[in-house]
S.K.: 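Below is a structure I'd like to ask you about.
Order of the sequence lines fixes the chain letters, A, B, ..., with proteins taken first and strands second; residue numbering starts at 1 for each chain.
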Amino acid sequence: MPELPEIETIKRDLENIIIGKRIKDVEVKVARIIKEPSVENFIKGVQNKEIKEVLRRGKVLILKLSAQYLVIHLRMTGQIIYGDKQEKSKIVFLLSDGKYLNFLDQRVMGEIKLINDWRDLPFIKQMGPEPLDKGFSLEKFQEMLKGKKTKIKPLLMDQGFIAGIGNLYAVEILFRAKANPLRPANSLVLSEIKKIYSAIKEVLEEGIWHRGSSVDTYRDARGEKGKFEQRIRVYGRKGEPCFGCGDPIEKITLGGRGTYFCPKCQK
DNA sequence: CGGGGCTCCTGTGCGC
DNA sequence: TGCGCACAGGAGCCCC
């Protein structure tokens, strides 16, 4: 599942590959992925537009074109792969260098929009801070947690609270911080908040360093798998021995999502 | 306002 | 062995 580190990896790859190139044409094989404008206007809107910049906000990938923005959300199984045209592509952009930018998506939950300003999207407007920005300080995190009765794990996954963290990284962050996913946010004391805060930065940076995790279908912009999955401590390890104490890892459902943790190490 | 549950979607893997 | 169902989860939505 592409989360902040995976999208950031794709963003950095694409920066080196496609900036300055033009989209000559686009083939829309699955219309429902294009959320706005109409498919017809989408095609007209991207034709012969230069890719000026690649941006990321949370789990959202943004390509700045000559006038508008191409906003891409990969959701669960979306992939953006540069190179030859791929048979399974749902959307194919033909670039001015003769290569293709393929949008693939097994479960077809991804979304692409062409809009005047990405900052106007409601989902972006209500999004929480970028966890790797300097502005996301310990003090700010402390402030954000105040009065939040929500369990810490779903809270970390709430894009309105903090941007870019999904199920896998939320689970890994809490294991690193030795915090139980069920803890109400406002029950955490400063020493625990500090550990979670540090773990957020560390785990996400480690994820980027290892070019993401490919436990599902994630691939980088060149179609390669990430290596962070080798660093995973708890995700998907139900019943297997905890790397901290050897007790079996437990799996519960929280907010409908599989939540892995060690009840002994995570208090 | 918060939280639970359903929805979308399809390949995989488990149980009977 | 083969079939059928549950499961995977990001985010919008409804409802209590």
S.K.: Can you check the L182(A) CG to dG3(B) P distance for me, whole Å?
M.R.: 13 Å
S.K.: Let me see the working for F93(A) and Y100(A) under ring pair (Phe, Tyr, Trp, His ring centres under 6.0 Å), right down to the final yes or no.
M.R.: CA-CA 6 Å; F93(A) 298 91; Y100(A) 297 87; over 10 Å; no
S.K.: May I have the distance from R32(A) (atom CZ) to dC8(B) (atom P), rounded to whole angstrom?
M.R.: 11 Å
S.K.: Using only heavy-atom distances, determine whether the side chains of D25(A) and Q47(A) contain a donor-acceptor pair under 3.5 Å.
M.R.: yes
S.K.: Is R183(A) salt-bridged to E192(A), going by a charged N under 4.0 Å from an acidic O?
M.R.: yes
S.K.: Describe the nucleic acid contact of G255(A) in one word from base, sugar-phosphate, nothing, applying a heavy-atom distance below 4.0 Å.
M.R.: nothing
S.K.: Do nucleotides 10-16 of chain C as a string where each nucleotide becomes B, S or -: B if the base has a protein heavy atom under 4.0 Å, S if just the sugar-phosphate does, - if no protein is that close.
M.R.: BBS----
S.K.: In this structure, how many angstroms lie between the P atom of dG9(C) and the CD1 atom of I7(A), rounded?
M.R.: 17 Å
S.K.: What is the distance, rounded to the nearest whole Å, between atom CG of D105(A) and atom P of dC9(B)?
M.R.: 12 Å
S.K.: Indicate for each nucleotide in nucleotides 11-16 of chain B, in 5' to 3' sequence, whether protein heavy atoms under 4.0 Å reach the base (B), only the sugar-phosphate (S), or nothing (-).
M.R.: S-----
S.K.: Pair Y82(A), D220(A) - check side chain to side chain donor-acceptor pair (under 3.5 Å), show working.
M.R.: CA-CA 9 Å; Y82(A) 171 85; D220(A) 67 24; over 6 Å; no
S.K.: Between Y169(A), Y235(A), W209(A), Y218(A), which is the residue that forms a ring pair (Phe, Tyr, Trp, His ring centres under 6.0 Å) with F228(A)?
M.R.: Y169(A)
S.K.: Output, in order, the C-alpha distance, side-chain angles, deciding distance and verdict of salt bridge (charged side-chain N to carboxylate O under 4.0 Å, His left out) for E206(A) and R176(A).
M.R.: CA-CA 12 Å; E206(A) 224 176 279; R176(A) 176 86 55 112; 3.0 Å; yes
S.K.: Under 4.0 Å, heavy atoms only, any strand: does K151(A) hit a base, just the sugar-phosphate, or nothing?
M.R.: sugar-phosphate
S.K.: How would you list all residue pairs meeting salt bridge (Lys or Arg N to Asp or Glu O under 4.0 Å) that involve residues 53-79 of chain A, not counting sequence neighbours?
M.R.: E8(A)-R56(A), R56(A)-E130(A), R57(A)-E130(A), R75(A)-E111(A)
S.K.: Using atom CG of D158(A) as one end and atom P of dG9(C) as the other, report the distance to the nearest whole Å.
M.R.: 17 Å
S.K.: Rounding to a whole Å, what distance do you find between L155(A):CG and dG4(B):C1'?
M.R.: 16 Å
S.K.: Would you tell me whether T259(A) and K153(A) have side-chain atoms, one donor and one acceptor, within less than 3.5 Å of each other?
M.R.: yes
S.K.: Answer yes or no: does a side-chain N or O of Y218(A) lie under 4.0 Å from OP1 or OP2 of dG9(C)?
M.R.: no
S.K.: For S213(A), run the side-chain hydrogen bond (donor to acceptor under 3.5 Å, both in side chains) check against E229(A), E6(A), K225(A), Q230(A) and tell me which one passes.
M.R.: E6(A)
S.K.: When all nucleic acid strands are considered with a 4.0 Å heavy-atom cut-off, which category describes T150(A): base, sugar-phosphate, or nothing?
M.R.: sugar-phosphate
